[in-house]
> 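Let me begin by handing over the structure; questions about it come next.
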Amino acid sequence: MTTDDLALRNALDTLVPLRDAAAPDWSAVLRRALDDLPATAVRRAPRRRLVLAATLALAAVVVAPVLAVGATHNWWQARSGGTVPEPVFVPVRGRPAGWVKATAGSWFVVYVKGGQGACGYTGASWRIALVETATLPARVVDDRAIGGAMCGNRVAWVRSGRFSDGKHDEVAFQLWQTPSLGATTYVYRVDGNRLTKLATFPGDTVTLKLGTAVVTYENPGRSPHGEREDTYRFANGSYRLVSKR
């Protein structure tokens, strides 16, 4: 990478809204993109790069309102993958790895904060956030740490539903440490603008049904006591192990 390339990249990087907590209106930030580029970078950069930068900035300004409206009307599938909704990647100060529409007016996001190195996870941490979208711009109303990140981590799935008693909105996700170390599934209740942890289930496969969680293991050696399946039932505010086989 040449000195001119680095100057242009760094100039564009400073305009990324995830790095500027004081600028939630990312479309306004990008509208000023070309004006804010250092004069030397603009003068020396090849014309095609400037055209690309201008095109990206203009596209962001046009697409942002569509993303905002679409996210609040649940145009996209309520799961990880596909188009990243605007409320997911704008207010969250990190790299979203999974998300789901938690309630009619909120999104739940699993994301990585910080990190460097070959896999991008060295020194990083896993966090979750609840993003309120009832009024725009979207804002994070609850944010908490899950644990440290490491190479090999993967979010397998993120879901929403009423898993425990059928009366409360809840979210769940499975985070793999590595294929050899195994995975953990987390279940949280959405209490207004707060996330309340209900349970964690270590295990390879976790099936959540109304009032029941079934955890299965690839082999007995991966389970705590040599079993292949654990069944939990929700009662009196918590999940309790009722059988293992």
Side-chain angles (χ1 to χ4, degrees), residues 71 74 76-82 84-85 87-89 92 94-113 125-133 138 140-149 152-179 181-218 222-224 229-244:
N74 200 22
W76 298 283
Q77 293 181 335
R79 61 173 177 79
S80 299
V84 183
V88 170
F89 71 85
V92 173
R95 307 190 303 276
W99 55 89
V100 69
K101 193 74 179 293
T103 67
S106 67
W107 286 81
F108 173 72
V109 186
V110 184
Y111 71 98
V112 179
K113 183 174 183 178
S125 61
W126 285 100
R127 301 187 66 88
I128 58 175
L130 185 66
V131 181
E132 189 267 321
T133 59
V140 173
V141 292
D142 196 1
D143 185 295
R144 57 191 63 200
I146 297 298
N153 287 174
R154 179 176 65 90
V155 175
W157 50 262
V158 184
R159 299 172 187 163
S160 62
R162 295 186 173 184
F163 310 118
S164 62
D165 57 9
K167 300 177 182 178
H168 298 85
D169 294 317
E170 288 149 358
V171 292
F173 67 98
Q174 185 181 59
L175 176 63
W176 280 84
Q177 289 181 281
T178 66
L181 293 177
T184 301
T185 295
Y186 300 80
V187 183
Y188 283 81
R189 179 168 291 174
V190 182
D191 291 322
N193 286 341
R194 289 187 56 81
L195 294 166
T196 302
K197 183 189 288 186
L198 288 184
T200 58
F201 301 112
D204 300 318
T205 302
V206 176
T207 303
L208 296 172
K209 297 181 179 179
L210 180 58
T212 303
V214 179
V215 180
T216 58
Y217 302 90
E218 292 180 358
R222 295 175 69 93
S223 62
E229 181 180 286
D230 292 334
T231 300
Y232 297 81
R233 298 200 186 282
F234 187 85
N236 300 320
S238 63
Y239 283 93
R240 299 182 183 278
L241 179 63
V242 295
S243 71
K244 53 186 177 181

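These numbers were taken from a predicted model, which means no experiment stands behind them.
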> Distance check, rounded to the nearest 0.5 Å: Glu170 atom CD versus Arg162 atom CZ?
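The CZ atom of Arg162 is 9.0 Å from CD of Glu170, to the nearest 0.5 Å.
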> Would you check, one step at a time, whether the test side-chain contact (heavy atoms from CB on, under 4.5 Å) holds for Leu195 with Val190?
CA-CA 5 Å; Leu195 294 166; Val190 182; 4.1 Å; yes
> In Å and rounded to the nearest 0.5 Å, what is the CG to CZ distance from Asp165 to Arg189?
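Rounded to the nearest 0.5 Å, the CG-CZ separation comes to 5.0 Å.
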> Heavy atoms, side chains only, cut-off 4.5 Å: are Lys101 and Trp107 in contact?
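In short, these two side chains touch, coming nearer than 4.5 Å.
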> Side chains of Thr196 and Asp191: do they bring a donor and an acceptor to under 3.5 Å?
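Yes - a donor-acceptor pair under 3.5 Å links their side chains.
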> Can you tell if the side chain of Asn153 reaches within under 4.5 Å of the side chain of Gln177, non-hydrogen atoms only?
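A side-chain contact exists here, since the closest heavy-atom pair is under 4.5 Å.
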> Can you measure from OG (Ser238) to CG (Leu198) and round to the nearest 0.5 angstrom?
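Interatomic distance, Ser238 OG to Leu198 CG, rounded to 0.5 Å: 9.0 Å.
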> What's the spacing between Asp143 CG and Arg127 CZ if we round to 0.5 Å?
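Separation between the atoms: 4.5 Å.
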> Side chains of Thr212 and Thr231, heavy atoms from C-beta outward: is any pair under 4.5 Å?
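A side-chain contact exists here, since the closest heavy-atom pair is under 4.5 Å.
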> Do you know the tightest heavy-atom contact between Pro96 and Val109?
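For Pro96 versus Val109, the nearest heavy atoms are CB-CG1, 4.0 Å.
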> Would you give the length of the straight line joining atom OG1 of Thr103 to atom NE2 of His168, rounded to the nearest 0.5 angstrom?
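It is 13.5 Å, given to the nearest 0.5 Å.
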> A side-chain contact here means heavy atoms from C-beta on lying under 4.5 Å apart; do Arg159 and Leu208 qualify?
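Of all side-chain heavy-atom pairs linking Leu208 with Arg159, none is under 4.5 Å.
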> Which atom pair, heavy atoms only, marks the closest approach of Gly203 to Tyr217?
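Residues Gly203 and Tyr217, closest heavy atoms: CA-CE2, 3.7 Å.
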> How about Arg240: does its CZ atom have over 12 heavy atoms from other parts shown lying under 6.0 Å from it?
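Counting other residues, nucleotides and ligands, CZ of Arg240 stays at 12 neighbours or fewer.
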> Drop me the distance from Leu175's CG to Arg154's CZ, to the nearest 0.5 angstrom.
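Leu175 CG to Arg154 CZ: 9.5 Å, rounded to 0.5 Å.
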> Do you know which two heavy atoms are closest between Glu218 and Asp204, and how far apart they sit?
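For Glu218 and Asp204, the tightest heavy-atom pair comes out as N-OD2, 2.6 Å.
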> Taking all non-hydrogen atoms of both residues, which atom of Val215 and which atom of Phe201 are closest, and how far apart?
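It is CG2-CB, 3.9 Å.
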> How are the rings of Tyr239 and Phe234 set to each other: parallel, tilted or perpendicular (split at 30° and 60°)?
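Tyr239 vs Phe234 ring planes: perpendicular.
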> Are Tyr111 and Val88 side-chain neighbours, meaning at least one heavy-atom pair lies under 4.5 Å?
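Counting from C-beta outward, Tyr111 and Val88 never come under 4.5 Å.
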> Is the closest side-chain heavy-atom distance between Leu130 and Val140 below 4.5 Å?
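No. Closest side-chain heavy atoms not under 4.5 Å.
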> Kindly give the heavy-atom pair with the smallest separation between Val171 and Ala102, and that separation in Å.
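Nearest heavy atoms, Val171 then Ala102: CG1-CB, 3.8 Å.
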> Is the side chain of Thr133 donor-acceptor paired with the backbone N or O of Gly105 at a distance under 3.5 Å, no angle test?
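Yes, Thr133 side chain to Gly105 backbone: donor-acceptor pair under 3.5 Å.
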> I need the minimum non-hydrogen distance between Pro85 and Trp99, along with the two atoms involved.
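Taking every non-hydrogen atom into account, CD-NE1, 3.4 Å.
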> Are the side chains of Ile146 and Phe173 in touch, meaning some heavy atoms are under 4.5 Å apart?
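Counting from C-beta outward, Ile146 and Phe173 do come under 4.5 Å.
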> Is any side-chain heavy atom of Trp126 closer than 4.5 Å to a side-chain heavy atom of Val155?
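Yes, side chains in contact.
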> Using side-chain contact (heavy atoms from CB on, under 4.5 Å), reason through Phe108 and Ile128 one step at a time and then give a plain yes or no.
CA-CA 7 Å; Phe108 173 72; Ile128 58 175; 3.8 Å; yes
